[in-house]
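Below: the structure, in structure tokens.
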Amino acid sequence: MNSMKSSKTLIQHYVNNQPFAGTSSRTQNVTNPATGAVTGLVSLAGASDVDAAVASAKAAFPAWSDAPPLKRARIMFKFLELLNANRDKLAHMITLEHGKVLTDAQGEVTRGIEIVEFATGIAQLLKGDYTEQVGTGIDNWTMRQPLGVVAGITPFNFPVMVPMWMFPVAIAAGNTFVLKPSPLDPSPSLFMADLLKQAGLPGGVLNVVQGDKEAVDALLVHPDVKAISFVGSTPIANYIYETGAHHGKRVQALGGAKNHMVVMPDADLDQAVDALIGAAYGSAGERCMAISVAVLVGDVGDKIMPKLIERTRALKILNGTHLAAEMGPIVTQAAHDRITDYIETGAREGAQLLVDGRGFSGANAGAGCEQGFWLGGTLFDHVTTDMRIYQEEIFGPVLSCVRVADFATAVQIINDHEFGNGVSIFTRDGGIAREFGRRIQVGMVGINVPIPVPMSWHGFGGWKRSLFGDMHAYGEEGVRFYTKQKSIMQRWPDSIAKGAEFVMPTSQ
């Protein structure tokens with residue numbers, strides 16, 4: 001962290017449809033993970049900067065919430081058009097600051113765009129219910145209205161998609177929004193905010209404050225922030241949920257994961273290997289839906305392991321700008337050090353280390369990558385449920401293989417885990433697949449689908465310590481999260497009986 005601003009490019013906040021310098025002098029380096037080079041500085045907001053963003057959002061709320069839903073949807077349509085025109089530019093921004101390979105970044109942008117497509121239908125999604133004659137001369141209806149100023153706190157691993165899980169739905173529903181992205185890859189949020197301005201979004205409806213815990217805490221206690229959405233690790237999600245709820249806010253906090261993929265003896269092994277390699281090592285394992293545990297049932301372990309070893313060793317680990325790349329670097333040196341510590345711990349605990357990614361050299365990733373944060377794919381076999389590498393979220397390219405005797409044991413160990421984000425099973429048996437879907441205590445389930453991220457109209461969220469709060473992100477639950485229901489009953493004078501009524505009203 002730097003206390004003084006330097007000559008490097010300074011990435012600022014965005015308030016009231018324009019760049020905002022703020023008053024804090026704190027900054028943090030922005031680094032290209034592939035090369036280790038510092039590419040810029042990002043401002044870190046203080047409480048007064050958060051106050052300015054919230055004040056801008058609060059001032060914009062009355063007019064924006066009063067706008068017809070169709071008018072808001074038309075701005076979303078224009079934003080959608082601009083996103084499609086700039087999708088590759090956004091993807092390159094992700095690769096340069098996050099490190100994920102360009103094709104993966106393009107997929108992230110596409111999944112974000114799908115949420116905007118969903119949000120364009122907001123007029124339909126905000127419809128209430130109506131019942132006439134619930135009592136003599138009395139009608140009853142419900143409506144959904146926006147909350148006010150809402151905020152999103154988003155992680156480094158999806159700097160485009162995860163913010164778009166939040167702000168398109170929130171602002172289309174009539175709220176105004178303050179986004180606090182990760183300081184590790186802050187540029188895409190500013191670019192999206194500018195695209196929304198070009199789409200006709202009024203000033204103050206979307207504001208971006210760059211920052212760290214100081215900005216987060218300011219949002220959590222701010223009396224004008226009515227709701228907080230968060231995606232990140234479980235300890236922080238728990239903190240966000242408890243602190244936000246303590247200050248009277250609606251909170252939706254998505255936490256960590258330890259996603260299992262069960263491979264049954266009847267599975268197509270080549271398909272299962274493809275799924276495991278892509279889901280474990282894609283985005284260097286830095287995603288909350290990555291498969292980090294393979295549960296190998298019966299004799300399938302002996303059959304699949306040679307294939308997994310071969311494919312893990314053959315991963316194309318390159319600078320993410322290279323179109324042939326399958327895996328890029330780790331996001332920071334600190335994250336790299338944490339992951340390598342887990343690899344050492346797993347070996348010390350007795351797991352069989354079949355492929356050790358610590359030997360990968362950045363010199364093999366492309367020109368100028370020698371100082372980048374590089375790690376190869378790592379594969380463990382004979383991992384047991386009492387090991388740290390099984391119990392804890394590593395958030396890196398490490399696949400742990402657990403061998404079990406039967407299907408029932410596979411289900412039991414998954415249900416016993418503290419996380420319940422995503423899970424998958426590969427099998428040809430429809431009965432097993434149906435039983436798995438019904439019995440497993442996990443929020444998102446894939447049947448021969450390795451990363452079962454729901455589509456934009458279904459909603460994303462896990463169970464157990466993977467979700468704090470009652471409502472999932474985006475989809476219809478996202479609309480409900482960002483709105484509150486109001487019930488109205490009416491009758492007119494000619495149907496009102498004379499005299500005071502002292503009993504509870506009933507339908508008559």
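Not one N or O on the side chain of Arg250 forms a donor-acceptor pair closer than 3.5 Å with the backbone of Ala227. Judged by distance alone, the side chain of Glu108 and the main-chain N or O of Val160 form a donor-acceptor pair under 3.5 Å. Proximity of a side-chain donor or acceptor of Asn259 to a complementary backbone N or O of Gly422 within less than 3.5 Å is detected. Looking only at distances, no side-chain donor or acceptor of Thr483 sits under 3.5 Å from a matching main-chain atom of Arg144. Proximity of a side-chain donor or acceptor of His260 to a complementary backbone N or O of Lys258 within less than 3.5 Å is detected. A donor-acceptor contact shorter than 3.5 Å links the side chain of Glu286 to the backbone of Val331. Checked by atom type and distance alone, the side chain of Asp470 never pairs as donor or acceptor with a backbone atom of Phe481 at under 3.5 Å. A distance-only check finds no donor-acceptor pair linking the side chain of Ser283 to the backbone of Gly285 [under 3.5 Å]. For the pair Gln145 (side chain) and Met143 (backbone), a donor-acceptor distance under 3.5 Å is absent. Remark: side-chain polar atoms of Arg338 are paired, donor with acceptor, to backbone N or O of Ile394 under 3.5 angstrom.
Shortest non-hydrogen contact noted between Gly377 and Ile317 is N-CD1, 4.0 Å. Here the closest non-hydrogen pair linking Ala347 and Leu353 is CB-CD2, 4.5 Å. Nearest heavy-atom pair across Lys226 and Leu147 is CG-O, 3.5 Å. The shortest non-hydrogen separation linking Val101 to Gly328 is CG1-N, 3.7 Å. For the residue pair Ala284 and Pro329, the shortest heavy atom distance occurs at CB-O, 3.9 Å. Taking each heavy atom of Ala335 and Ile330 in turn, the nearest pair found is CB-CG2, 3.6 Å.
A cation-pi arrangement is present between Lys100 and Phe158, with the terminal nitrogen or guanidinium carbon under 6.0 Å from the aromatic centre and inside a 45° cone about the axis.
Every residue two or more places apart in sequence or in another chain that forms a side-chain contact (heavy atoms from CB on, under 4.5 Å) with Thr345 is listed here: Asp341, Arg348, Glu349, Arg388.
Counting heavy atoms from C-beta on, the side chains of Leu179 and Val209 never come closer than 4.5 Å. Counting only heavy atoms from C-beta outward, the side chains of Lys180 and Asp212 never approach each other to under 4.5 Å. Contact annotation: the side chain of Gln28 approaches that of Leu184 to within less than 4.5 Å [non-hydrogen atoms, C-beta and beyond]. Annotation: side chain of Tyr281 is in contact with side chain of Leu379 (closest heavy-atom distance under 4.5 Å). When side chains are defined from C-beta on, Arg358 counts as touching Ile343, because their heavy atoms get closer than 4.5 Å. With contacts defined as side-chain heavy-atom distances shorter than 4.5 Å, the pair His222/Asp51 qualifies. At least one side-chain heavy atom of Met289 sits less than 4.5 Å from a side-chain heavy atom of Met444. Contact check for Ile414 versus Val442: side-chain heavy atoms found under the 4.5 Å cut-off.
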- List the steps and the verdict of side-chain contact (heavy atoms from CB on, under 4.5 Å) for Phe436 and Val423. CA-CA 10 Å; Phe436 185 78; Val423 71; 3.6 Å; yes

- Message: Set out, in order, the CA-CA distance, both residues' side-chain angles and the distance that settles side-chain hydrogen bond (donor to acceptor under 3.5 Å, both in side chains) for Thr31 and Asn29, then state yes or no.
- Response: CA-CA 6 Å; Thr31 304; Asn29 287 337; 5.5 Å; no

- Task: Apply side-chain hydrogen bond (donor to acceptor under 3.5 Å, both in side chains) to Ser456 and Glu117, showing your working.
- Result: CA-CA 8 Å; Ser456 60; Glu117 291 173 333; 5.8 Å; no

- Message: Could you walk me through whether Val30 and Ile11 satisfy the side-chain contact (heavy atoms from CB on, under 4.5 Å) test, starting with their C-alpha distance in whole Å, then the side-chain angles of each, then the deciding distance to 0.1 Å, before giving a yes or no?
- Response: CA-CA 9 Å; Val30 178; Ile11 300 165; 4.0 Å; yes

- Message: Would Arg465 and Asn238 count as a side-chain contact (heavy atoms from CB on, under 4.5 Å) here? Give the steps.
- Response: CA-CA 8 Å; Arg465 289 183 60 78; Asn238 196 5; 4.0 Å; yes

- Evaluate the side-chain contact (heavy atoms from CB on, under 4.5 Å) criterion for residues Val295 and Ile413: first the C-alpha distance (whole Å), next the side-chain angles of each, then the deciding distance (0.1 Å), finally the verdict. CA-CA 9 Å; Val295 183; Ile413 67 168; 4.2 Å; yes

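Taking the six-membered ring for Trp and the full ring otherwise, Trp457 and Phe118 have centroids separated by 6.0 Å or more.
For Gln12 and Ser43, the side-chain atoms include no donor-acceptor pair closer than 3.5 Å. Residues Thr23 and Asp49 have side chains that bring a donor and an acceptor to within less than 3.5 angstrom of each other. Using modelled atom types, one finds a donor on one side chain and an acceptor on the other under 3.5 Å when comparing Asn207 with Ser56. A donor-acceptor contact closer than 3.5 angstrom is absent between the side chains of Asn157 and His98. Side-chain polar atoms of Thr110 and Arg87 form a donor-acceptor pair below 3.5 angstrom. Judged purely by distance below 3.5 Å, without hydrogens or angles, the side chains of Thr378 and Tyr342 never pair a donor atom with an acceptor atom.
Around atom NE2 of His92, no more than 12 heavy atoms belonging to other residues, nucleotides or ligands sit under 6.0 Å away. Within a 6.0 Å sphere centred on CD of Gln106, other residues, nucleotides and ligands contribute more than 12 heavy atoms. By the 6.0 Å contact criterion, CZ on Arg434 is open, its count of non-hydrogen atoms from other residues, nucleotides or ligands being 12 or less. Atom NZ of Lys464 has more than 12 neighbouring heavy atoms from other residues, nucleotides or ligands inside a 6.0 Å radius.
How far OG1 of Thr120 is from CD1 of Ile115: 11.5 Å, rounded to the nearest 0.5 Å. Rounded to the nearest 0.5 Å, atoms CG (Leu296) and SG (Cys401) are 5.0 Å apart. Once rounded to the nearest 0.5 Å, the distance linking CD1 of Ile171 with CZ of Phe61 reads 13.0 Å. With rounding to the nearest 0.5 angstrom, the CD atom of Gln391 is 11.5 Å from the CG atom of Asp416. Between atom OG1 of residue Thr154 and atom CZ of residue Phe167 there is a gap of 9.5 Å, rounded to the nearest 0.5 Å. Atom CG of residue Leu96 and atom OG1 of residue Thr35 lie 9.0 Å apart, to the nearest 0.5 angstrom.
Partner Met192 forms a side-chain contact (heavy atoms from CB on, under 4.5 Å) with one of Asn86, Leu90, Val208 and no other, that one being Leu90. Between Phe230 and the choices Val216, Val251, Ile240, the side-chain contact (heavy atoms from CB on, under 4.5 Å) rule is met once, by Ile240.
Ring geometry for Tyr390 against His417 counts as perpendicular: the plane angle is over 60°, on a 0 to 90° scale with 30° as the lower cut. Aromatic ring orientation, Phe20 versus His13: tilted (interplanar angle from 30° to 60°). The aromatic rings of Tyr482 and Phe177 sit perpendicular, their planes meeting at an angle over 60°, well past the 30° parallel limit.
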